[in-house]
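Please read the structure below before turning to the comments.
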Amino acid sequence: MAEALVGVVMGSRSDWETMQHCVGQLRELGVACEVRVLSAHRTPDDLAAWVSSAEERGVQVFIAAAGMAAALPGVVAARTTLPVLGVPMGSPLSGLDSLLSMVQMPAGIPVGTLAVGRAGAVNAAILATQILAASRPELRERLTRHRAEQAERILSEPDPSAG
Ligand code: RP5
């Protein structure tokens with residue numbers, strides 16, 4: 001199996017329903033990833049150990065998804081200098097709590113925060129691939145093809161008013 005370039009972590013198994021779209025998009029783009037459920041609050045020591053071991057295994061970008069008091073991406077970012085992309089999960093407060101917890105990082109420890117929910121999950125996968133593609137021409141080609149296929153799909157859709 002190819003070496004994982006992206007480490008995907010989510011705070012709870014309940015985040016998988018959304019994060020399956022991230023992992024699906026990475027797979028569609030042919031980017032190998034490792035996936036874990038680990039929490040900044042519930043399993044802090046295991047999270048810290050995974051971040052450093054993933055880095056040692058060759059992971060180059062982290063994607064961290066969490067909801068509610070969503071400290072996970074910030075905690076991952078505190079433990080690595082690799083890029084960290086955060087995906088806020090939906091929540092009883094419509095994901096606003098997750099978004100604000102994630103986006104308001106103090107200067108010095110960045111987290112690239114994406115949209116709440118499925119759009120953010122998909123875009124985190126694409127953005128991670130774009131970061132990796134800076135030094136991998138084959139990924140750049142796949143991204144270009146992905147854009148073209150997306151445009152083709154939209155343009156071939158029938159007139160929605162036609163019923
Ligand atoms: C966060 O709390 C998780 O990322 C999840 O989005 C939220 C709720 O977790 P569960 O109570 O469903 O495990 O840490």
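In what follows, residues are counted from 1 in the order of the sequence shown. Both ligands and their constituent atoms are indexed starting at 1 by order of listing. Being a predicted model, the structure only gives us computed values, none of them experimental.
Of all atoms in ligand 1, numbered sequentially from 1 with element shown, those under 4.0 Å from a heavy atom of G11 are 3 (C), 4 (O). Shown in contact with A66 at under 4.0 Å from a heavy atom are these atoms of ligand 1, numbered in order with element: 4 (O).
Among protein heavy atoms, the minimum distance from atom 3 (C) of ligand 1 is reached at D15 OD2, 3.4 Å. Nearest protein heavy-atom neighbour of atom 13 (O) of ligand 1: S12 OG, 2.6 Å. Annotation: atom 7 (C) of ligand 1 to nearest protein heavy atom, M68 SD, 3.9 Å. Looking from atom 12 (O) of ligand 1 to the surrounding protein, the closest heavy atom is S14 OG, 2.7 Å. Given atom 11 (O) of ligand 1, the protein heavy atom at minimum distance is R42 NH2, 3.2 Å.
A donor-acceptor pair under 3.5 Å is absent between the side-chain atoms of R27 and the main chain of V23, judged by distance alone.
Here the CZ-OG distance, from R57 to S52, works out to 9.0 Å after rounding to the nearest 0.5 Å. Here CG of L72 is found 8.0 Å from CG of L38. Values are rounded to the nearest 0.5 Å. Going from atom CD of E34 over to atom OG of S53 covers 6.5 Å, rounded to the nearest 0.5 Å.
Criterion: ILVMFWY side-chain heavy atoms under 4.5 Å apart, direct or through other members. Under it, M68 and M89 are not part of a common hydrophobic cluster. Placement of I63 and V116 in two distinct hydrophobic clusters is found when ILVMFWY residues are connected by side-chain heavy-atom separations under 4.5 Å, directly or transitively. When the side chains of ILVMFWY residues are joined at heavy-atom separations under 4.5 Å, either directly or via intervening members, V35 and V87 end up in a single hydrophobic cluster.
Scanning P92, P88, G67, G90 for the heavy atom closest to atom 2 (O) of ligand 1 points to G67.
Counting heavy atoms closer than 4.0 Å to ligand 1, residue M10 contributes nothing at all.
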